[in-house]
Amino acid sequence: MLDTILKEAFIEAYQALYEKHPDLKHIVFQATRPEFRGDATIVVFPFTKDLKKAPEILAQELGSKLKENHRLVRDFNVIKGFLNIEIDDSYWLGFFRKNSDKTSFCAEFSPSSKRIVIEYSSPNTNKPLHLGHIRNNLLGWSVAEILKANGHKVIKVNLVNDRGIHICKSMLAWQKWGGMTPEQAGMKGDKLVGEMYVRFDKEYKKEIEALKNEGIAEDEAARKAPLMLEAQEMLRKWEAGDSDVRQLWEMMNGWVYEGFDTTYNRLGVDFEKIYHESETYLLGKDMVAQGLSNGAFYRKEDGSVWCDLRDEGLDEKLLLRADGTSVYITQDLGTAEQRMQEYEADQMIYVVGNEQNYHFDVLKRILKKLGKPWAENIEHLSYGMVELPEGKMKSREGTVVDADDLMEEMVETARRTTTELGKADELDPADASQLFEMIGLGALKYFILKVDPKKTMLFNPAESIDFNGNTGPFIQYTHARIRSLLRKAESTGLMPANDIPPIAQLPEKERQLIKLLHQYSYTLSQSGENRSPALLANYMYDLAKEFNQFYQSEPVLREENEAIRALRLKLSGFVANTLRHAGQLLGMKMPDRM
RNA sequence: GGUCUCGUAGCUCAGCUGGAUAGAGCAGCAGCCUUCUAAGCUGCGGGUCGCAGGUUCGAGUCCUGCCGGGAUCACCA
């Protein structure tokens, strides 16, 4: 809102001086860089052309006018084409008084509330969750929470890929070589089923080798291997509703869901609704029929159905196989429409890796061809892969970083570090383990979420995730120190009752902090618009860093001037509240002591 | 090969959508705990923003071309 006030003031000054309307797109205020005096800066270069004046003169004139007209503008200075404006303390103090006790904040430019369905996670039931899923889950969950904080109605959904040839492979392997329940095997259900999948692959490869030794070409061997034929037979039986196969399928998927639930719980993510592909994979066929009848699609000689996107620079896309069965995109057409109707969604966000950019491009184009106006409301939140030093994670090469293992490792590191520092000494065991959980997962979440979702990121398992510097625990620690400070203030009766006494002049460090806190709502809206928790994460770091500098150099409880002491205490509380709120949106819990 | 995408300090990342002398953390070195929690704070060193052009008052950011990495172009999902 400061921005809005300044903009209006600027336009007013501009018109008064030059009897012209300034080009709105050039009126952009930015935070003044710390090495200069001022709070907000506008660059006047763009206006020189219109007015044929030197930038320094222009800035000087506009600055004078602004100062003359607005009490808010305390002073100004001009450096080259930059007009630096100092905002009066009364504004900052007003903002401070109004917000310092708030524990909930909303975005600055509260946009009109939308109904947004966001799909994330979308696991396969033949593999346990790994680091890639962690990024997906944290991102999806956090973006959903951020959008809520921006005033939207958000529905979190998950679409589980629970059917298809891959799960049949696990089932077959279990029949042949497994036979144990997760309890008997003493492992999580998703892990057990994952192992069966790997086992299938191993045995299958052996068969291919054997066939090759008989002189059969590799691709043919791959198709003719008995295990593959059996798996395919199983899939046919599944589709036909064979009760034995269905029973086995339900049992094994049940194991997997139990395992997934454990992982989701610890990770702290949740869903309003979980869809299963076994229920949705047939959707979309009607839409294909519809497209056929209105000429959007066409049938080839073998009976398969296609959509021609060549005039849009893409290729032909298969929508139904010759035998009438559907493919991946067929179901996506169907689920999109289903979801659209079910939730009357204004927007549907899909959190899916950037390897599927092409798929979503095609999906939207096909929906448009079908005359679905809501195709525009589909948004692919395309995020980058998590890579290891040696490149992509490959399940076959055993280089995947397992989600459960990683979380456990993080919590264990937190336990060790905290104990070494002697910080757990006074805690009872239950509180202590809760703290380790907070810190370990806080470190992990911050590590993942602080990087721009769009970018590929690197994870080095050899170096454990840091707890010092730009990290989750650093921010948590800052919060804990503030809480401790406030506890002390309470117990010694130093806590100011309500409002703080009047302050003659806002000290510099406090001023800096208030300015940063003022930026929070803007950051919140930016992180929503950009679907980027990273903006919030980086903001939290800046705020914590700024506070630590303040904390280091300025006494709070020891300050003798009552007004200043009250200001500092309230300010500390304000910082803690903001950190806690932002942390919540990233799924990071903030400890009261650590 | 076509399309898309990325390239910033030894390493991991920022850089507010075109603005001032490109910033943090880690790693290295040097300091700060009889004072509100040292998971902290302060300082030092470290850069041809992949390369070359172009657009303009102004480019790490925009456009073009190279070089290098990745993804994708399935009757897999």
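Below, all heavy atoms of this structure are taken into account, side chains as well, without hydrogens, waters or symmetry copies. Below, chains carry the letters A, B, ... as their sequence lines are ordered, and counting in each starts from 1.
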Novice: Across the strands shown, which category fits A/Phe82 at heavy-atom distances under 4.0 angstrom: base, sugar-phosphate, nothing?
Specialist: base
Novice: Which part of the nucleic acid, if any, lies within contact of A/Met594, taking any heavy atom under 4.0 Å across all strands shown: a base, the sugar-phosphate backbone alone, or nothing?
Specialist: base
Novice: Nearest to the side chain of A/Tyr551, which nucleotide is it out of B/rA38, B/rA77, B/rU12?
Specialist: B/rA38
Novice: For B/rA14 versus B/rG25, give the span between their P atoms, rounded off to a whole number of Å.
Specialist: 16 Å
Novice: Among B/rU12, B/rA39, B/rC76, which nucleotide has an atom closest to any side-chain atom of A/Arg321?
Specialist: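 Within the option list, the nearest is B/rC76.
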Novice: With a 4.0 Å limit, can you tell me whether A/Lys545 has a side-chain N or O closer than that to the phosphate oxygens OP1/OP2 of B/rG25?
Specialist: yes
Novice: Expressed as a whole number of angstroms, how long is the span from A/Leu363:CG to B/rU72:P?
Specialist: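 So the CG-P distance, A/Leu363 to B/rU72, works out to 18 Å.
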Novice: Both distances under 3.5 Å, Watson-Crick or G-U wobble: report the partner of B/rC13, or none.
Specialist: B/rG23
Novice: Please determine, for B/rG40, whether a Watson-Crick or G-U wobble partner exists with both distances under 3.5 Å, and give it or none.
Specialist: B/rC32
Novice: Classify the side-chain pair A/Tyr539/A/Gln526 by whether it contains a donor and acceptor separated by less than 3.5 Å.
Specialist: no
Novice: Mark yes or no for a side-chain to base donor-acceptor pair under 3.5 Å between A/Thr471 and B/rA39, with no hydrogen or angle criteria applied.
Specialist: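 A donor-acceptor contact between them is absent.
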Novice: With a 3.5 Å cut-off and no angle check, do the side chains of A/Asp466 and A/Thr471 form a donor-acceptor pair?
Specialist: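 Side chains of A/Asp466 and A/Thr471: no pair found under 3.5 Å.
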Novice: Which way is the base of B/rU17 turned, syn or anti, if we draw the line at 90° from 0?
Specialist: syn
Novice: I'd like the P distance from B/rC67 over to B/rA52, given in whole Å.
Specialist: 15 Å
Novice: Can you figure out which of B/rG19, B/rA77, B/rC26 approaches the side chain of A/Asp466 most closely?
Specialist: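 For the A/Asp466 side chain, the nearest candidate turns out to be B/rC26.
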Novice: Which part of the nucleic acid does A/Val556 contact within heavy-atom distance under 4.0 Å: base, sugar-phosphate only, or nothing?
Specialist: base
Novice: Quick one: label A/Leu485 by what it contacts on the DNA or RNA (base, sugar-phosphate, nothing), any heavy atom closer than 4.0 Å.
Specialist: base
Novice: What's A/Ala480 touching, base or sugar-phosphate or nothing? Going by heavy atoms closer than 4.0 Å.
Specialist: base
Novice: Quick one: which of B/rG40, B/rG25, B/rA71 gets closest to the side chain of A/Gln552?
Specialist: B/rG40
Novice: If we ignore angles and hydrogens, is there a donor and acceptor under 3.5 Å between the side chains of A/Ser382 and A/Asn357?
Specialist: yes
Novice: Taking the minimum atom-to-atom distance to the side chain of A/Arg33, which one of B/rC73, B/rU21, B/rA39 wins?
Specialist: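 Selected nucleotide: B/rU21.
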Novice: Using distance alone, with no hydrogens and no angle criterion, decide if A/Glu277 and A/Gln331 have a side-chain donor and acceptor under 3.5 Å apart.
Specialist: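 Result is yes, a qualifying pair exists.
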Novice: Is the distance from OP1 or OP2 of B/rG40 to the nearest side-chain N or O of A/Asn468 less than 4.0 Å?
Specialist: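 Yes, because at least one side-chain N or O of A/Asn468 sits under 4.0 Å from OP1 or OP2 of B/rG40.
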Novice: Taking only side-chain nitrogens and oxygens of A/Asn548, does any of them come within less than 4.0 Å of OP1 or OP2 of B/rC41?
Specialist: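 Affirmative; the distance criterion is met.
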Novice: Between B/rG58 and A/Lys49, is there an OP1 or OP2 to side-chain N/O distance shorter than 4.0 Å?
Specialist: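 No, A/Lys49 has no side-chain N/O under 4.0 Å of OP1/OP2 on B/rG58.
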Novice: Between A/Asp592 and A/Arg580, is there a salt bridge with N-O shorter than 4.0 Å?
Specialist: yes
Novice: Assign each of A/Val327 and A/Pro453 to its nearest nucleotide of RNA chain B by heavy atoms, then name whichever residue's nucleotide is nearer the 5' end.
Specialist: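 Comparing both residues, the 5'-ward one is A/Pro453.
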Novice: Tell me the partner of B/rU72, counting only Watson-Crick (N1-N3 plus N6-O4 or O6-N4) or G-U wobble (N1-O2 and O6-N3) with both under 3.5 Å; none if nothing fits.
Specialist: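 Its partner is B/rG2.
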Novice: What's the closest nucleotide to the A/Tyr522 side chain, out of B/rA39, B/rC16, B/rA14?
Specialist: B/rC16
Novice: Roughly how many Å is it from CD in A/Gln549 to P in B/rC36, rounded to a whole number?
Specialist: 20 Å
Novice: Tell me what A/Tyr328 touches on the nucleic acid: a base, only sugar-phosphate, or nothing, going by heavy atoms under 4.0 Å.
Specialist: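 Base: the residue A/Tyr328, judged by heavy atoms under 4.0 Å, touches a nucleobase.
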Novice: In whole Å, measure the gap between the P atoms of B/rC16 and B/rA20 for me.
Specialist: 10 Å
Novice: Is A/Lys455 near enough to B/rG7 that one of its side-chain N or O atoms lies under 4.0 angstrom from OP1 or OP2?
Specialist: yes
Novice: With heavy atoms under 4.0 Å as the rule, sort A/Ile329 into base, sugar-phosphate or nothing.
Specialist: nothing
Novice: Could you tell me if A/His276 and A/Asn253 have a donor-acceptor pair between their side chains, going purely by distance under 3.5 Å?
Specialist: no
Novice: Measure from the side-chain heavy atoms of A/Leu535 and tell me the nearest of B/rA39, B/rG15, B/rA20.
Specialist: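 So the side chain of A/Leu535 is nearest to B/rG15.
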Novice: Does a side-chain N or O from A/Lys423 land closer than 4.0 Å to OP1 or OP2 of B/rA39, or not?
Specialist: yes
Novice: Measure distances between side-chain N and O atoms of A/Asp302 and base N and O atoms of B/rC75, and say whether any donor-acceptor pair falls under 3.5 Å.
Specialist: yes
Novice: Among side-chain atoms of A/Asn137 and A/Ser121, is any donor-acceptor pair under 3.5 angstrom?
Specialist: yes
Novice: Let's test this: given Watson-Crick or G-U wobble pairing with both distances under 3.5 Å, identify the partner of B/rU56.
Specialist: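 B/rU56 is unpaired by these criteria.
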Novice: Classify the side chain of A/Asn84 and the base of B/rA20 as holding, or not holding, a donor-acceptor pair under 3.5 Å.
Specialist: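 Side chain to base: pair present.
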Novice: Any side-chain N or O of A/Gln476 under 4.0 Å from OP1/OP2 of B/rA39?
Specialist: no
Novice: From the set B/rC13, B/rU37, B/rG25, return the single nucleotide nearest to any side-chain atom of A/Tyr477.
Specialist: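 Nearest listed nucleotide: B/rU37.
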Novice: Between B/rC6 and B/rU61, how many Å separate the two C1' atoms, rounded to a whole number?
Specialist: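 Those two atoms are separated by 14 Å.
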Novice: Using a cut-off of less than 4.0 Å, is there contact between a side-chain N or O of A/Arg481 and OP1 or OP2 of B/rA38?
Specialist: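 Yes, within the criterion.
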Novice: On RNA chain B, does the nearest nucleotide to A/Asn354 precede the nearest nucleotide to A/Ile79 from the 5' side, or the other way round? Give the residue.
Specialist: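 So the residue in question is A/Ile79.
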Novice: Would you say A/Lys488 places a side-chain N or O within less than 4.0 Å of OP1 or OP2 belonging to B/rU37?
Specialist: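 It does, given that an N or O in the side chain of A/Lys488 lies less than 4.0 Å from OP1 or OP2 of B/rU37.
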Novice: Say you pick atom C1' in B/rG50 and the same atom in B/rG60; how far apart are they, in whole Å?
Specialist: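 So the two C1' atoms sit 12 Å from each other.
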Novice: Between B/rG65 and B/rG2, how many Å separate the two P atoms, rounded to a whole number?
Specialist: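 About 11 Å, rounded to a whole number of Å.
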Novice: Heavy atoms only, 4.0 Å cut-off, all strands: where does A/Glu277 land among base, sugar-phosphate and nothing?
Specialist: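 Contact class for A/Glu277: sugar-phosphate only.
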Novice: Once you apply the 3.5 Å cut-off to both distances, tell me the Watson-Crick or G-U wobble partner of B/rC66, or none.
Specialist: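 With both distances under 3.5 Å, B/rC66 matches B/rG50.
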Novice: Quick one: label A/Pro46 by what it contacts on the DNA or RNA (base, sugar-phosphate, nothing), any heavy atom closer than 4.0 Å.
Specialist: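 Base contact.
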Novice: Over all strands shown, is A/Asp452 touching base, sugar-phosphate only, or nothing at heavy-atom distances under 4.0 angstrom?
Specialist: sugar-phosphate
Novice: For the base of B/rA71, is there a side-chain donor-acceptor partner from A/Thr456 under 3.5 Å away?
Specialist: no
Novice: For the C1' atoms, the ones on B/rG15 and on B/rA30, what distance do you get once it is rounded to whole angstrom?
Specialist: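 Looking at atom C1' only, B/rG15 and B/rA30 are 29 Å apart.
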Novice: If the glycosidic angle is within 90 degrees of 0 it's syn, otherwise anti, so just tell me which one B/rC33 is.
Specialist: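 Base orientation relative to the sugar is syn.
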Novice: NA contact type, A/Glu316, heavy-atom cut-off 4.0 Å: base, sugar-phosphate, or nothing?
Specialist: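 Contact class for A/Glu316: none.
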Novice: Given the C1' atoms of B/rC62 and B/rC49, what is the spacing between them in whole Å?
Specialist: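 Looking at atom C1' only, B/rC62 and B/rC49 are 16 Å apart.
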Novice: Assess the side chains of A/Gln60 and A/Glu56: does a donor N or O sit below 3.5 Å from an acceptor N or O?
Specialist: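 Not at all, the side chains of A/Gln60 and A/Glu56 share no donor-acceptor pair under 3.5 Å.
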Novice: Salt bridge or not between A/Glu355 and A/Lys392? Use side-chain N to carboxylate O under 4.0 Å.
Specialist: yes
Novice: Strictly by modelled atom types, are A/Thr325 and A/Arg321 linked by a side-chain donor-acceptor pair under 3.5 Å?
Specialist: yes
Novice: Taking everything shown except A/Lys589 itself, do over 12 heavy atoms lie less than 6.0 Å from its NZ?
Specialist: no
Novice: How is A/Phe36 classified with respect to the nucleic acid when contacts are heavy atoms under 4.0 Å: base, sugar-phosphate, or nothing?
Specialist: base
Novice: Identify which nucleotide among B/rC36, B/rU72, B/rC75 has an atom closest to any side-chain atom of A/Tyr358, counting heavy atoms from C-beta outward.
Specialist: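 Nearest nucleotide to the side chain: B/rU72.
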Novice: Base, sugar-phosphate, or nothing for A/Thr418, non-hydrogen atoms under 4.0 angstrom?
Specialist: base
